[in-house]
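Report on the following structure.
In this text, all values refer to a predicted model and were calculated from it rather than measured experimentally. Residues: numbered from 1 along the sequence shown.
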Amino acid sequence: MKDINQSYVERLLSQNGKTWDEKNLNEFTSKESTSESISKILELQNNLMEKWEIRTTALKFKENSIVLPNATENSPYIFSFEKGFFSNQKIQSYEFHDLKKVGLTYDKETLTIEGCPCKSGITTIDLTYKVDGELDSDDSHTKKISLVINPDPKSLWKNLPSDTEAMFWKVDDSSASGKLVDKHIVISSKRGRSHQNVGSFRDDDFAYKNFEDSGWGVVVVSDGAGSASFSRKGSNLACNEVIKYFEEVILPNKELDEFEKSFINFIETKDEVNFESTKNDVKKVLYKASLHVHNEISSVANSTVQNNPDLLQTKNVKYNSEFFHSTLIFSAIKKIKDNYLILTFGVGDCPIGIVNKDRTKASLLNWLDVGEFGGGTRFITQPEIFHSKERPMSSRFNIHVQDDFSFLFLMSDGIYDPKFEVEANLEKTEKWLDFIADLEGNNEDNINLGFEDDLEIVEKNLNTWMDFWSKGNHDDRTLAIIF
C-alpha cells in the first residue's frame, strides 16, 4: 500500500507531465528531506484551507439577512433570536453596537433585544463578530442590521390651542375632585385629539355639587355634538342647569321629600306597592329638570341666533337649538339608612354604570340612544325626545337602590367607545371589572389612579390616564368616578 508521501509525489509528477519507475520513486520518497518537504507543504495547504473556511463562514453570515421586526417610538419592543441562531452559524463571539442610543439593550443569555425606542427613523445597528477558528488577535467582522422605528402615532397629532376670543370659549381641559354624599368624586374632561389637531373646542362638559343640607349629591356629564357650532355651550348649559334646578327648585321646594319617606318605609316594611307608586312622582320631578335644561338651552340658542344673524346659517335647521346639540346624563345620589338611593336620567350615548362593594356585580343604570331605534345619538336639545313613542321619556329615568358600591361611573362616548367598544359590553360585569383594573394600572402606560391616595393625586393620575392611546378614538373624553 502506498504511503502518503508516495501518493503525493505521484500526483505532483503526474500534474507536471513527468514519468517515473517504482524503484526511483521509492528511493526519492524515502529520503528524510523529501518527507519533511511534503509535510511542510501539506501543513501549509491545511492552514490555507482553514483560512478559506473561516473566510467563507464569515462572509456567509455577513450576507445572510437578519430582519428585525419594526419597532414603534415610545412603545415597548422585544425580539428574541431563535435558540442556537449564532452558534449554528459558527459565530464564536459577537457584540451589538449603538442599541443604547435608541433605547434598546441586548441580553446574550436570552438572545433578546428589548427596550423602548426613543426616536423614530431607520437605525443601522453594527454587529461585530468572529467565527470559529479565528484568534483573539484577528480583526472582527462587521455586519450592519437595519431597524425601522415607526413614529409614535401620538406625535403625529398637533395640539393647537382653541381661540380664547371665540364666542362661548371654554378651557381645553378641566378636572375636579371632592366629596359627594359620603363618597369621593373625581372628574376629568379632556379635549379630544381630533379637536386638538385643528384647534377647535372641547364639546364635553361636566358639573357636580354636594348639597350638604339635604344630603343629596348630583353629578352631570354632557357631550356636545361635533357637528353643532355651539355644542360646547350646549353641554355647558346642560350640566350647569341641572345643578341649578336642583339647587333652586327641587331641593328648596322639598320635591323629593315624600319619595324619601316612601323609600324609608320601603326599607323598614318592604312595602313595594307603596314604594312603586311614588316612583312616578320622582320621575315627574326629574322630568321637569330635564325639560328645564331643554328650555334654557333653547332660550340661549334663540337669543344667540337673534343677536348674531350673520354668524349662523339658519336655513338648514328646524330650530335654533340644533346649534347647541348635546347629550345629557345625570345622577342624583343620597344615602338613607345604609342604602344609596340613586336617581338617573340619560339621553344620548353616554353610560352610567355602578359596581357593587364586593366587585362581583355591575349594573348599567341607563340605556343608550344607539341601535335600530336610535338611528344615532339623541340630544336634550331635541323636542321630539319628550314625546317619542319608540323611546318614551319615562324610560329615560331610573331609580336604583344599592346597599353600597365600590364605583359609580358617568362617562362620555370618548371613554365608552375605546373601553367598552359596543353597548352589549356595558351589560357585562367582567367588562366593568376590566375597566376598573385598567384604572388601577392594568394599562399600556402602567398608570394607576391610586384610589387610596389623596384626592389631588387621584385627580392628577386620572388626568394622565385620560391621555391613553386608542387607535381611531380621538373624541373628547369625560369621566366621573364616585368611589
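Taking OG from S363 and CH2 from W432, the interatomic distance works out to 10.0 Å, rounded to the nearest 0.5 Å. Expressed to the nearest 0.5 Å, how far CG of N473 lies from CD1 of I415 amounts to 10.0 Å. To the nearest 0.5 Å, the span separating CG on D223 from OG1 on T478 amounts to 7.5 Å.
In this structure, R396 forms no cation-pi arrangement with F345, as its terminal cationic atom is not both closer than 6.0 Å to the ring centre and no more than 45° off the ring axis. Cation-pi geometry between K108 and F96 is not met at under 6.0 angstrom from the ring centre and within 45 degrees of the axis. Stacking of K270 on the aromatic ring of F266 is recorded, both the 6.0 Å distance cut-off and the 45° axial limit being met. Figure legend: R477 and F468 shown as a cation-pi pair, the cationic atom lying under 6.0 angstrom from the six-membered ring centre and within 45 degrees of its axis.
A parallel orientation is assigned to the rings of F259 and F275, their planes being inclined by less than 30° (bins at 30° and 60°).
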(request) Apply side chain to side chain donor-acceptor pair (under 3.5 Å) to the pair N356 and T360, showing each step before the final yes or no. (result) CA-CA 7 Å; N356 68 352; T360 55; 2.8 Å; yes
(request) Kindly determine whether D369 and T377 satisfy side chain to side chain donor-acceptor pair (under 3.5 Å), including the steps that lead there. (result) CA-CA 5 Å; D369 285 289; T377 301; over 6 Å; no
(request) Please report the C-alpha distance between H294 and F386 in whole Å, then the side-chain angles of each, then the deciding distance to 0.1 Å, and finally whether the ring pair (Phe, Tyr, Trp, His ring centres under 6.0 Å) criterion is met. (result) CA-CA 10 Å; H294 172 85; F386 290 89; 5.0 Å; yes
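In this structure, L180 and I333 have side chains that are in contact, with non-hydrogen atoms separated by less than 4.5 Å. V218 has its side chain out of reach of Y208: every pair of non-hydrogen atoms, C-beta onward, lies at least 4.5 Å apart.
Contacts classified as ring pair (Phe, Tyr, Trp, His ring centres under 6.0 Å) and involving residues 225-244 (residues at least two apart or in different chains) are given here: F168-F230, F230-F324.
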